[in-house]
Amino acid sequence: ERKQAHRERETGSRPRTSKSLKNLRQEAMVFRVLLAFCGLCALAFAASPPGPGPFGNVVLAQPVSGAQRAQKIDGWKEGKVCEIDEGQNNTNATEALQAAIDDCGDREEGGTVLVRNSLHLWSASLWLRSNLTFRVEEGSSVTSTATGVGKKTDPSNVNCTDAPIVYTRRESIMMDAHAGFLNAGRFLSDDGKWTTLENVVVEGGGLLDADGDAWYDKSDPDFVTQMRPMMLDLLWVRGLTIRDVQLRRPGFWTVHPTFCDNVVVANNSIVTYGSNTDGCDPDSCWNVYIAGNDFDNGDDCIAVKAGRDASGREVNISTRNVLAEFNHFKSGHGVSIGSETSGWVLDVVIRNSILDGTNKAVRIKSARGRGGGVRNATYSNLTGSVKYAVSLSLDYEGDLPPTNDSATPEIHDVIVRDLDLVVTESDKAADTFSSSSSEPNDLECIGLSDSPITGVTFRNVKVAAAESSTLDTKCTYCFGTSDDDSDPTPCFEEEEEKQGLPTGANAPFPGGDKPAAVTTAKD
């Protein structure tokens, strides 16, 4: 009104009548009420919306390409080659390796650090650079001294100093912890910014050994779980390929791309044991392709993540467009999404793979306090033997009290189809991999009273019990549909019929707005 009066004085135009001004005030009041109502609706019914990608919101066609230097088998020959001298064999070659990285990295034409001729090296934490191939060829190995074990106050303890304390992400929480074996982006404390890398390859057919066994002895008084170094702790890389390597004995997660875009993890042998030794954990990453790997792990074979709890919600970078296919899963807790879902995990496909004694074929997990959630996940064409078949759970931590909306997770729109599984577990009471405080079930879908799991679809899901065992199912606050070809019939069908609730596309959707539109890259 003040602006209008000013324009009228300046232009000499005819003043508005008092009636028109009154109408303007009424319209403004209605508009404010509508805005307030919409805000209350958002607070009442929606968790925080999905966060953006780490390098923008461009969705790439799958399978994504990864690093440009990996587009050709002999791409490592392009640019300068820094070969490690045979005189370094059976020595701590940290200085030689880092010097080679610094010399051959960040070059416009690219470069390669080459370990071959059956060299066996030891090394502290290393920091990679852009436009670089780190190539350890078959028959050669690099073993980590960056284990971070022992007394942290002893300056002579090289296991600690070889893995310096850095600001990083551990279990999807930002914190100070030991640096990984191979590292990428660094946090610059002076200006509060991160360095970023692009076009990075780790390859060659050789062995990378993290030597993390000491972390499995939790009787050590200096054991601090979250301080452990990751193995490949690669933050802030755009265009990353990890292929054809043998990865062994991490003290924590093995392959941990974080805040990365356009990632390929292919044709690796990832063998681990011990607590939390996941195989591959893309964390707040977009455009990820995981294919042709052999997983044999002490925890989740794959676990797709996006930040945890308050830290994850504050960072608020989502994970989106992940395809995992043609993998072989042996021991391990499952082919998982979560439980770290705070920035949201969207558009994940896990398909065309074999399970051989894996704990769970389908595992989506979150918990009160996480917030965010999972939307648009598909598991298809999975065959083999498992201990339990399907677990969708928002009660991963077990019986936590309700919390605020932003910290209450959601799971929506999950498709499970063309599964042919045999459940082999018989002693469920002895199992240590349960999704909550209760005993696990062969097929379970556990939502929350204030956050039901919705839009679950089963198509041609066949789960058979091993001889002399029966299948246990459990559903609470879980709604979806199933076809006649699925056996056994999932229990969410029974619950919907009992409560008279709609199914499929008409099922209740308590979540907030769908994710903001993204840009799809052209082929």
Side-chain angles (χ1 to χ4, degrees), residues 334-339 355 358-368 373-375 377-380 382 385-399 409-429 431 433-466 469-511:
V335 188
S336 304
I337 301 172
S339 69
L355 301 112
T358 314
N359 184 249
K360 292 172 180 173
V362 177
R363 192 184 198 198
I364 302 179
K365 51 184 176 174
S366 192
R368 296 189 193 275
V374 178
R375 183 179 289 137
T378 299
Y379 288 76
S380 68
L382 304 179
S385 62
V386 293
K387 293 184 177 181
Y388 313 97
V390 177
S391 175
L392 312 178
S393 179
L394 290 171
D395 191 33
Y396 180 63
E397 298 290 350
D399 300 326
E410 305 176 16
I411 296 176
H412 306 298
D413 305 328
V414 178
I415 297 173
V416 183
R417 68 186 184 202
D418 301 323
L419 267 59
D420 188 1
L421 303 172
V422 175
V423 172
T424 60
E425 181 64 38
S426 58
D427 186 8
K428 294 181 173 58
D431 190 88
F433 306 144
S434 175
S435 61
S436 67
S437 57
S438 60
E439 290 185 9
N441 300 277
D442 298 303
L443 291 99
E444 64 180 13
C445 185
I446 312 299
L448 303 173
S449 59
D450 51 342
S451 183
I453 296 174
T454 67
V456 181
T457 302
F458 273 34
R459 296 290 182 265
N460 190 32
V461 176
K462 299 184 184 300
V463 181
S469 64
T470 59
L471 295 176
D472 295 329
T473 64
K474 180 180 180 181
C475 290
T476 58
Y477 304 108
C478 178
F479 308 112
T481 62
S482 176
D483 63 359
D484 294 337
D485 293 327
S486 294
D487 183 26
T489 301
C491 53
F492 56 70
E493 286 279 339
E494 300 171 5
E495 187 167 9
E496 286 182 340
E497 181 179 355
K498 178 178 63 178
Q499 296 186 7
L501 293 171
T503 63
N506 297 318
F509 191 87

Query raised in the report: Can you check whether Gly338's main-chain N or O pairs, donor with acceptor, with Ser336's side chain at less than 3.5 Å?
Result: no
Query raised in the report: Are any non-hydrogen side-chain atoms of Arg459 and Ile415 less than 4.5 angstrom apart?
Result: no
Query raised in the report: Quick check: are the SG atoms of Cys475 and Cys445 less than 2.5 Å apart?
Result: no
Query raised in the report: Side chains of Val463 and Leu471: closer than 4.5 Å at any heavy-atom pair?
Result: yes
Query raised in the report: Just how far is it from atom CG of Leu421 to atom NZ of Lys387, taken to the nearest 0.5 Å?
Result: 15.0 Å
Report summary line: Interatomic distance, CD1@Ile364 vs OG@Ser339, rounded to 0.5 Å, equals 12.5 Å
Report task. Determine yes or no for a side-chain-to-main-chain donor-acceptor pair under 3.5 angstrom, with Ser486 supplying the side chain and Val461 the backbone. Result -> yes
Query - Which atom of Ala361 lies closest to which atom of Val335, heavy atoms considered - result: O-CB, 3.4 Å
Query raised in the report: For Asn460, which of Asp418, Asp485, Asp420 qualifies under side chain to side chain donor-acceptor pair (under 3.5 Å)?
Result: Asp418
Query - Nearest atoms (heavy-atom pairs only) where Ser451 meets Pro409 - result: OG-O, 2.6 Å
Report task. Answer whether the closest heavy-atom distance between the side chains of Lys365 and Val374 falls below 4.5 Å. Result -> no
**Report entry** Nearest-0.5 Å distance that lies between atom OG in Ser366 and atom CG in Leu392
**Finding:** 12.0 Å
**Report entry** Candidate pair Thr424 and Val386, rule side-chain contact (heavy atoms from CB on, under 4.5 Å), full reasoning
**Finding:** CA-CA 6 Å; Thr424 60; Val386 293; over 6 Å; no
Requested in this report: Mind checking the OG-CZ spacing from Ser391 to Arg363? Nearest 0.5 Å is all I need.
Outcome: 6.5 Å
Query raised in the report: Minimum heavy-atom separation for Leu443 to Ala389, with atom names?
Result: CG-CB, 4.4 Å
Query raised in the report: In chain order, what residues pass the ring-ring contact (aromatic ring centres under 6.0 Å, His included) check against Tyr379, with sequence neighbours excluded?
Result: none
Report task. Take Tyr477 and Asp395 through the test side-chain contact (heavy atoms from CB on, under 4.5 Å) and record every step on the way to the result. Result -> CA-CA 11 Å; Tyr477 304 108; Asp395 191 33; over 6 Å; no
Requested in this report: Could you grab the distance from atom CG of Asn441 to atom OG1 of Thr473, nearest 0.5 Å is fine?
Outcome: 7.0 Å
Report summary line: So CZ of Phe492 and OG1 of Thr454: to nearest 0.5 Å the spacing works out to 11.5 Å
Report summary line: The salt bridge (charged side-chain N to carboxylate O under 4.0 Å, His left out) partners of Arg417 (sequence neighbours excluded) come to none
Query - Steps toward side-chain contact (heavy atoms from CB on, under 4.5 Å) verdict (Glu397, Arg368) - result: CA-CA 8 Å; Glu397 298 290 350; Arg368 296 189 193 275; over 6 Å; no
**Report entry** Heavy-atom pair with the smallest gap, counting every atom of Ile411 and Ser393
**Finding:** CD1-O, 4.0 Å
